[in-house]
Amino acid sequence: MKKREWLIVFVPLVLTWFLDRITKEWANGLEGITSFGIFGFVLHHNPGAMLGLFADLPPVLRVVTLSTGGAFLVCTYALIQYLLPIKSLALRTGLSILLGGILGNVTDRIIWGHVVDFIVIGNVKISSPAFNVADALQWLGYALIVYAIVKEGDLLWPENNARKRYWINP
């Protein structure tokens with residue numbers, strides 16, 4: 001890939017992380033519930049992973065475990081970007097946006113020991129769990145990855161490859 005294409009792949013990662021940091025700094029000043037139609041803002045500290053998973057672990061173990069998982073994902077991301085045999089800007093950009101969101105939440109864990117969630121969709125009777133910009137952008141990353149796999153799947157998994165139907169060559 002050319003330098004310009006690598007820039008197109010790398011910039012969404014940084015932008016996702018940066019946008020997440022800015023919105024979480026703003027959200028830390030929230031008091032009470034602020035509502036704008038179906039969107040609401042309320043400050044919530046999530047000490048665990050997704051929807052509070054692992055919240056009952058001791059704080060040091062929780063931060064180290066979840067941050068180490070983030071570091072593992074950075075290494076995996078770099079390896080995939082390096083080894084990916086096709087140009088697929090949609091797939092590469094989706095991976096970048098996904099990792100940018102993950103790093104936004106990992107940064108929260110390292111700095112504060114919890115993730116700042118503040119966006120709620122719904123009304124007083126029924127609403128979504130609180131989430132943040134990183135979480136929302138991660139779904140955009142997932143969508144781009146699925147789109148690229150559906151659209152360019154034949155380039156990733158050629159019909160006449162050596163393995164055919166097996167994951168491992170017998």
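If you chain together hydrophobic residues whose side chains sit under 4.5 Å apart, Leu98 and Val146 never meet in one group. By the criterion of side-chain heavy atoms lying less than 4.5 angstrom apart, applied directly or through intervening Ile, Leu, Val, Met, Phe, Trp or Tyr residues, Val74 is grouped together with Leu84 in one hydrophobic cluster. Connection of Trp112 to Trp17 is not established within any shared hydrophobic cluster, with ILVMFWY side chains joined at heavy-atom distances below 4.5 Å, either directly or through further cluster members. Leu99 and Trp139 end up in the same hydrophobic cluster when Ile, Leu, Val, Met, Phe, Trp and Tyr side chains are linked at under 4.5 Å. Put simply, Phe131 and Ile38 are part of the same group of oily side chains (I, L, V, M, F, W, Y) that touch within less than 4.5 Å, one to the next.
Under the side-chain contact (heavy atoms from CB on, under 4.5 Å) criterion, Tyr82 pairs with no residue at all, not counting sequence neighbours. Considering only residues two or more places apart in sequence or on other chains, Glu25 meets the salt bridge (Lys or Arg N to Asp or Glu O under 4.0 Å) condition with Arg21. Legend: residues meeting salt bridge (Lys or Arg N to Asp or Glu O under 4.0 Å) with Asp117, ordered by chain and number and at least two apart, are absent. Scored by the side-chain contact (heavy atoms from CB on, under 4.5 Å) test, Leu137 finds Thr16, Leu19, Ile97, Val133, Leu140 as partners (sequence neighbours excluded).
Taking all atoms of both residues into account, the shortest heavy-atom contact from Ser88 to Ala148 is OG-CB, 3.8 Å. Of all the heavy atoms in His44 and Ala130, the pair that sits closest is CB-CB, 4.1 Å.
For Leu83, the CG atom sits in a packed shell: over 12 heavy atoms of surrounding residues, nucleotides or ligands are nearer than 6.0 Å.
Looking only at side-chain heavy atoms (C-beta outward), Val42 and Leu30 stay at 4.5 Å or farther from each other. You'll find the side chain of Val116 reaches within 4.5 Å of the side chain of His45, heavy atoms only.
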Audit row: Ser96, Gln81, side-chain contact (heavy atoms from CB on, under 4.5 Å) steps and yes/no:
CA-CA 9 Å; Ser96 295; Gln81 289 287 13; 3.8 Å; yes
Go through Ile145 and Leu91 one step at a time and tell me if the side-chain contact (heavy atoms from CB on, under 4.5 Å) criterion holds.
CA-CA 5 Å; Ile145 291 167; Leu91 178 59; 3.9 Å; yes
Verdict with reasoning, Asn105 to Lys24, per side-chain contact (heavy atoms from CB on, under 4.5 Å):
CA-CA 10 Å; Asn105 289 337; Lys24 287 177 181 172; 2.8 Å; yes
Evaluate Ile102 against Tyr77 for side-chain contact (heavy atoms from CB on, under 4.5 Å), listing each step before the verdict.
CA-CA 11 Å; Ile102 291 169; Tyr77 165 82; over 6 Å; no
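Distance check, rounded to the nearest 0.5 Å: CG of Leu95 to OH of Tyr142 gives 10.5 Å. Here the CZ-OG distance, from Phe39 to Ser128, works out to 9.0 Å after rounding to the nearest 0.5 Å. A distance of 11.5 Å separates CG in Leu144 from NZ in Lys151, rounded to the nearest 0.5 Å.
At distances below 3.5 Å, not a single donor-acceptor pair connects side-chain atoms of Thr93 with backbone N or O atoms of Ala90.
The stretch residues 131-146 participates, sequence neighbours left out, in no salt bridge (charged side-chain N to carboxylate O under 4.0 Å, His left out) pair at all. Residue pairs meeting the salt bridge (charged side-chain N to carboxylate O under 4.0 Å, His left out) criterion with at least one member in residues 78-98, sequence neighbours excluded, are Glu5-Lys87.
Counting only N and O atoms by type, the side chains of Asn46 and Asp108 include no donor and acceptor under 3.5 Å apart.
The aromatic ring centroids of Trp26 and Phe41 lie less than 6.0 Å from each other.
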